Amino acid sequence: MRPSGRRRGRWRRPFLALLVTAAVVLPLSAAAQPRIPAPAPARLAPLTASTLDEAYAANRANAAEAARTAEAHGHHRRAAADRAMAEPSRTLLAFDGRGTGRVTEVLGDLARAERVAVLVPGSDTGLDTYARFRAAAAALHERLAREAADGIRTAVVAWLGYETPGTVSTTALTTTEADRAAPDLRRFIRGLHTIAGPGTRVTLVCHSYGSVVCAGAASAAAVDDIDDIALIGSPGTGARSAAALRTTARVWAARGTDDWIAHVPHVSADFFGTKVGFGTDPVSPAFGARVFAAGDGGHSDYFSPGSVSLTNLARIVLGDTSEVTRG
């Protein structure tokens with residue numbers, strides 16, 4: 001039995017009041033986070049297929065310098081993370097060790113790839129926790145290599161190109177960080193075609209709060225820049241529907257049956273210029289996305305090897321959409 005409109009209204013009002021208090025009145029938790037010192041990012045030539053190796057080398061060198069700086073200031077955990085980034089095998093399109101840190105890493109041969117997945121993370125992702133995000137990218141990359149038809153070349157880009165909000169923080173309730181990040185993601189996608197070629201199919205794979213970032217980037221992206229958008233574990237996008245994203249990309253959505261994000265109320269309001277809440281549930285019929293199966297996993301399980309969600313994500317990236325199992 002569905003609650004009446006009057007009962008829903010009574011429930012939403014106190015919840016919105018709580019959101020407003022958290023997002024507008026309480027101090028931002030990010031303000032208390034230590035700003036870890038690091039050198040400025042490396043100066044790079046415009047990224048093209050021919051300058052990739054130069055960029056990778058420069059960013060590894062910058063990561064090594066960042067590790068020495070962090071160690072000298074007593075930030076041992078960060079120093080270890082930076083040293084991992086500086087290993088010869090790492091292929092970093094971008095690296096910035098300052099603050100919580102930002103990095104864009106390639107898995108595969110980006111210059112020759114015909115199918116590229118760009119992973120956009122959610123909250124609590126920074127250099128200190130980057131290993132788990134990279135593990136997700138690596139799992140998808142391995143699955144793509146296994147599933148791709150003979151001759152189809154693939155690559156995965158782990159895009160930590162913004163300062164993500166903390167899960168338990170006021171910023172996680174608003175679109176503020178996503179609004180700042182969306183233009184950067186949009187520019188990155190545009191530049192990606194310069195590296196990989198105009199015929200390359202690009203899929204955005206957007207986890208949790210990352211789906212809010214992807215929605216903002218997609219709504220103003222050039223036609224044909226993005227072929228597919230997969231929203232997984234999403235609290236909402238800030239848009240009422242997939243059509244409201246104003247993108248030519250196919251929009252997909254999935255949620256594991258054990259994902260706690262299902263209990264986040266799908267409300268949205270604007271208070272004094274701050275947008276609180278993310279609106280329509282992306283897996284609901286009202287949103288209008290192509291809902292695909294994600295199995296019984298939780299919020300961090302979408303890239304688990306052998307999972308239904310990982311298999312379906314690989315099929316979406318490869319363009320094998322008829323093989324995607326629906327939720």
Side-chain angles (χ1 to χ4, degrees), residues 44-56 59 91-94 104-120 136-161 181-207 210-211 213-232 242-243 245-253 289-290 292 303 310-324:
L44 303 175
L47 287 172
T48 65
S50 63
T51 63
L52 277 181
D53 288 342
E54 178 184 341
Y56 294 157
N59 285 317
T91 46
L92 311 180
L93 280 178
T104 301
E105 184 171 10
V106 176
L107 289 83
D109 186 351
L110 185 58
R112 301 172 67 237
E114 298 162 276
R115 305 284 188 272
V116 176
V118 178
L119 270 60
V120 180
L140 180 57
H141 183 236
E142 189 277 334
R143 188 74 191 189
L144 288 173
R146 186 191 308 176
E147 297 284 340
D150 290 344
I152 297 296
R153 295 180 291 269
T154 65
V156 174
V157 178
W159 188 83
L160 175 55
D184 293 331
L185 179 57
R186 192 181 309 133
R187 282 189 292 271
F188 174 74
I189 297 296
R190 190 178 304 125
L192 195 60
H193 287 286
T194 302
I195 300 170
T200 300
R201 293 184 59 86
V202 174
T203 300
L204 289 183
V205 180
C206 318
H207 180 242
S211 60
V213 179
C214 288
S219 65
V223 174
D224 298 330
D225 270 358
I226 305 167
D227 296 280
D228 291 274
I229 302 169
L231 310 171
I232 50 177
L245 296 178
R246 304 191 308 279
T247 176
T248 58
R250 288 174 294 201
V251 180
W252 304 79
R290 304 179 183 213
F292 64 95
F303 299 94
L310 183 62
T311 298
N312 279 328
L313 285 170
R315 289 168 177 168
I316 291 169
V317 174
L318 292 170
D320 299 332
T321 55
S322 63
E323 301 298 317
V324 175

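Because the structure is predicted, anything quoted here is derived from the model rather than measured. Computation of the quantities below employed the complete heavy-atom set of this structure, encompassing side-chain atoms and omitting hydrogens, waters and symmetry-equivalent molecules.
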At their closest point, which heavy atom of G216 faces which heavy atom of A182, and how far apart are they?
C-CB, 3.6 Å
Kindly indicate whether the side chain of W252, heavy atoms from C-beta on, has any atom under 4.5 Å from the side chain of N312.
no
Could you tell me the separation between the CG atom of L44 and the OH atom of Y56, rounded to the nearest 0.5 Å?
11.5 Å
Using side chain to side chain contact (heavy atoms under 4.5 Å, CB included), reason through R201 and D228 one step at a time and then give a plain yes or no.
CA-CA 8 Å; R201 293 184 59 86; D228 291 274; 3.0 Å; yes
If you measure from CG on L204 to CD1 on I316, what distance do you get to the nearest 0.5 Å?
12.0 Å
Would you say D184 and F188 make side-chain contact, with heavy atoms under 4.5 Å?
no
Checking T154 against V317 for the side chain to side chain contact (heavy atoms under 4.5 Å, CB included) test, could you report, in this order, the C-alpha distance in whole Å, the side-chain angles of both residues, the deciding distance, and whether it holds?
CA-CA 9 Å; T154 65; V317 174; 6.0 Å; no
Nearest 0.5 Å, please: how far is CG in D225 from NE2 in H193?
4.5 Å
What are the two closest non-hydrogen atoms of L47 and T194, and how far apart are they?
O-CG2, 3.9 Å
Do you know the tightest heavy-atom contact between E54 and A45?
OE2-CB, 4.3 Å
Nearest heavy atoms of A230 and L313, plus distance in Å
CB-CD2, 3.8 Å
Identify the heavy atoms of T200 and A113 that sit nearest to each other, and give their distance.
OG1-O, 3.1 Å
Any donor-acceptor pair under 3.5 Å linking the side chain of D227 with the backbone of V202?
yes
Hey, does the side chain of R143 reach the backbone of A314 with a donor-acceptor pair shorter than 3.5 angstrom?
no
Which value, rounded to the nearest 0.5 Å, describes the distance between R153 atom CZ and R112 atom CZ?
4.5 Å
Report the relative orientation of the aromatic rings in F303 and H207; use parallel for angles under 30°, tilted for 30 to 60°, perpendicular for over 60°.
perpendicular
Interatomic distance, I232 atom CD1 to L310 atom CG [nearest 0.5 angstrom]:
9.5 Å
Shortest non-hydrogen contact from V106 toward T91
O-OG1, 2.5 Å
Reported CG-to-CD distance for the pair D109 and E114, which is rounded to 0.5 angstrom
10.5 Å
Verify side chain to side chain contact (heavy atoms under 4.5 Å, CB included) between L110 and L93, making sure each step is shown before the conclusion.
CA-CA 10 Å; L110 185 58; L93 280 178; 3.9 Å; yes
Measure from the side-chain N and O atoms of T104 to the backbone N and O of V157, and report whether any donor-acceptor pair falls under 3.5 Å.
no
Stepwise side chain to side chain contact (heavy atoms under 4.5 Å, CB included) check, L318 with E147
CA-CA 8 Å; L318 292 170; E147 297 284 340; 3.6 Å; yes
Among V205, I229, L185, which residue meets the side chain to side chain contact (heavy atoms under 4.5 Å, CB included) test with V120?
L185
